[in-house]
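Per chain, numbering begins at 1; letters A, B, ... match sequence-line order. Reckoned from all heavy atoms, side chains included, excluding hydrogens, waters and symmetry mates. A quick note: this is a predicted structure, and the numbers were derived from the prediction, not measured.
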Amino acid sequence: MPELPEVEVTRIGISDRLCGQSITDVVVRKSLRWPLGVEGRELRGRTIARVLRRGKYIILELDQGILLLHLGMSGRLFLAASDQPFGPHDHFDLVTSAGVLRLCDPRRFGAVVWSASQGVDPARKLLSHLGPEPLDESFDLKGFQRALKARRCSVKTALLGGEMVVGVGNIYASEALFRALIGPTTPCAAIGLVRSRRLHSAIRDVLQAAIDRGGSTLRDYQDVHGRAGNYQSVAMVYGRAGQTCHRCGGTVAKIVQNNRSTFFCPGCQHV
DNA sequence: AGGGTGACCTGTCGGC
DNA sequence: TGCCGACAGGTCACCC
């Protein structure tokens, strides 16, 4: 589910409620992708200073250390009352003075990982490989063009790789490439200055548009308040194989790249 | 070194 | 109705 827009909408939804609150308990009901890396009791009494995001990770910055949260493919966070019964996939609770931050994740590809310091630990390692933030100034055009030139793979594969830019997943990779009128199988190095500028803009525009619409809900995703996103209803190609292209009237196609579906319009997008 | 593949885990949907 | 395979928003460890 969650690509950058869904994670950002989630972050915004929990930030005000959690900032300044103290942790009273941590409950891990079922293991997630990685171990938490700390005993719950060690986190009791710590205060949540800020709720940040890096790529698809939500970062709870405590008065000491950070908690890294990832939603995997099917995760969602919500705020529960302290006496609210947990469901079969509610695997993690962060109990705070303002209620329970609960992670529901049927497929358990998500994770919550603790980092105590600035040193090298599993959580910091997860963050250390990440490329620039698409909505920040760190995502500059020149750097993006250099990164494209250096890659040997297809542009769609590279967008998912997270080194040229973070936060772009399977939905928004297809959507950004459509906006930029670039075929998904195009080798990175074949993308010149004009097209790379279009793609750079398209990535930012599509992610921001999706945030504004509350993200995309294909199946599981809901925001903190239980609301679905609706970007999928304005998607130009994702999930629209066999349907009419809104731009040229042709037919949207679906191919498989690296075992993942890619949607594009052969009439609008070229290698 | 960089790029492709399998693995992780569960639920849902379509076809037979 | 029931079973089985394909597929789903991510990404890491592993092979060549």
d(CG, A:L127; P, C:dT11) in whole Å: 12 Å
Rounded interatomic separation in angstrom, taking CG from A:L4 and P from C:dT11: 11 Å
Please report the interatomic distance CZ(A:R44) to OG(A:S22), rounded to the nearest 0.5 Å. 12.5 Å
Counting Watson-Crick and G-U wobble pairs whose two distances are both under 3.5 Å, find the runs of 3 or more in a row that involve DNA chain C. B:2-8 with C:10-16, B:10-16 with C:2-8
For the side chain of A:D223 and the backbone of A:G226, is there at least one donor-acceptor N/O pair under 3.5 Å apart? yes
Rounded to whole angstroms, how far apart are CG on A:L159 and P on C:dG10? 12 Å
What does the list of N/O pairs under 3.5 Å between the protein and nucleotides 12-16 of chain C look like, with a distance for each?
unit_1	atom_1	unit_2	atom_2	d
C:dC12	O4'	A:R33	NH2	2.6

If the P atom of B:dC9 is compared with that of C:dC14, how far apart are they to the nearest Å? 16 Å
Is A:K254 close enough to C:dA6 that one of its side-chain N or O atoms is under 4.0 Å from OP1 or OP2 there? no
Under 4.5 Å side-chain heavy-atom separation, chaining through any Ile, Leu, Val, Met, Phe, Trp or Tyr, what else clusters with A:I59? Say none if it is isolated. A:W34, A:L52, A:Y57, A:I66, A:L68, A:V113, A:L126, A:L127, A:L130, A:V166
What donor-acceptor contacts under 3.5 angstrom involve side-chain atoms of residues 243-253 of chain A, with partners at least two apart or in another chain?
unit_1	atom_1	unit_2	atom_2	d
A:Q243	OE1	A:R240	NE	3.4
A:H246	NE2	A:R240	NH2	3.3

Please report the distance, rounded to the nearest Å, between CZ in A:R260 and C1' in B:dC8. 14 Å
When rounded to the nearest 0.5 Å, the distance separating CD1 of A:I211 from CG of A:L207 is 6.5 Å
Polar atoms only, N or O, under 3.5 Å: list the protein pairs with nucleotides 2-5 of chain B and their distances.
unit_1	atom_1	unit_2	atom_2	d
B:dG3	OP1	A:R152	N	2.6
B:dG3	OP1	A:C153	N	3.4
B:dG3	OP2	A:R151	NH1	3.2

Could you tell me if A:R29 sits above the aromatic ring of A:F86, with its cationic atom closer than 6.0 Å to the ring centre and no more than 45 degrees from the axis? yes
Keeping A:R46 on the side-chain end and A:Q64 on the backbone end, is there a donor-acceptor pair under 3.5 Å? yes
Is the ring centre of A:F144 less than 6.0 Å from the ring centre of A:F139? yes
Test your reading of the model: is there a side-chain donor-acceptor pair from A:E3 to the backbone of A:I171, 3.5 Å cut-off? yes
Does the side-chain ring of A:F109 lie flat on the base of B:dC8, meaning centres under 5.5 Å and planes less than 30 degrees apart? yes
In whole Å, measure the gap between the P atoms of B:dT5 and C:dC7 for me. 15 Å
Output yes when a side-chain donor or acceptor of A:E175 lies under 3.5 Å from a complementary backbone atom of A:Y238, and no otherwise. yes
What are the atom names and distances for every N/O pair under 3.5 Å that joins the protein to nucleotides 10-12 of chain B?
unit_1	atom_1	unit_2	atom_2	d
B:dT10	OP1	A:R108	NH2	2.8
B:dT10	O4'	A:P106	O	3.4
B:dG11	OP1	A:H89	NE2	3.1
B:dT12	O4'	A:R219	NH1	3.2

Between the side chain of A:H91 and the main-chain N/O of A:D105, is any donor-acceptor distance below 3.5 Å? yes
Closer than 3.5 angstrom, by distance alone: can the side chain of A:S196 be matched with the main-chain N or O of A:L193 as a donor-acceptor pair? yes
Using a 3.5 Å distance criterion without hydrogens, assess whether the side chain of A:Y221 forms a donor-acceptor pair with backbone atoms of A:S74. no
Comparing nearest nucleotides in DNA chain C, the 5'-proximal residue of the pair A:H70, A:F263 is A:F263
Using whole Å, what does the distance between atom C1' of nucleotide C:dA8 and atom CG of A:L160 come to? 14 Å
With rounding to the nearest 0.5 Å, note down the distance linking CG in A:D212 to OH in A:Y231. 10.5 Å
Figure out the CE/C1' separation between A:M73 and C:dC7, and round it to whole Å. 9 Å
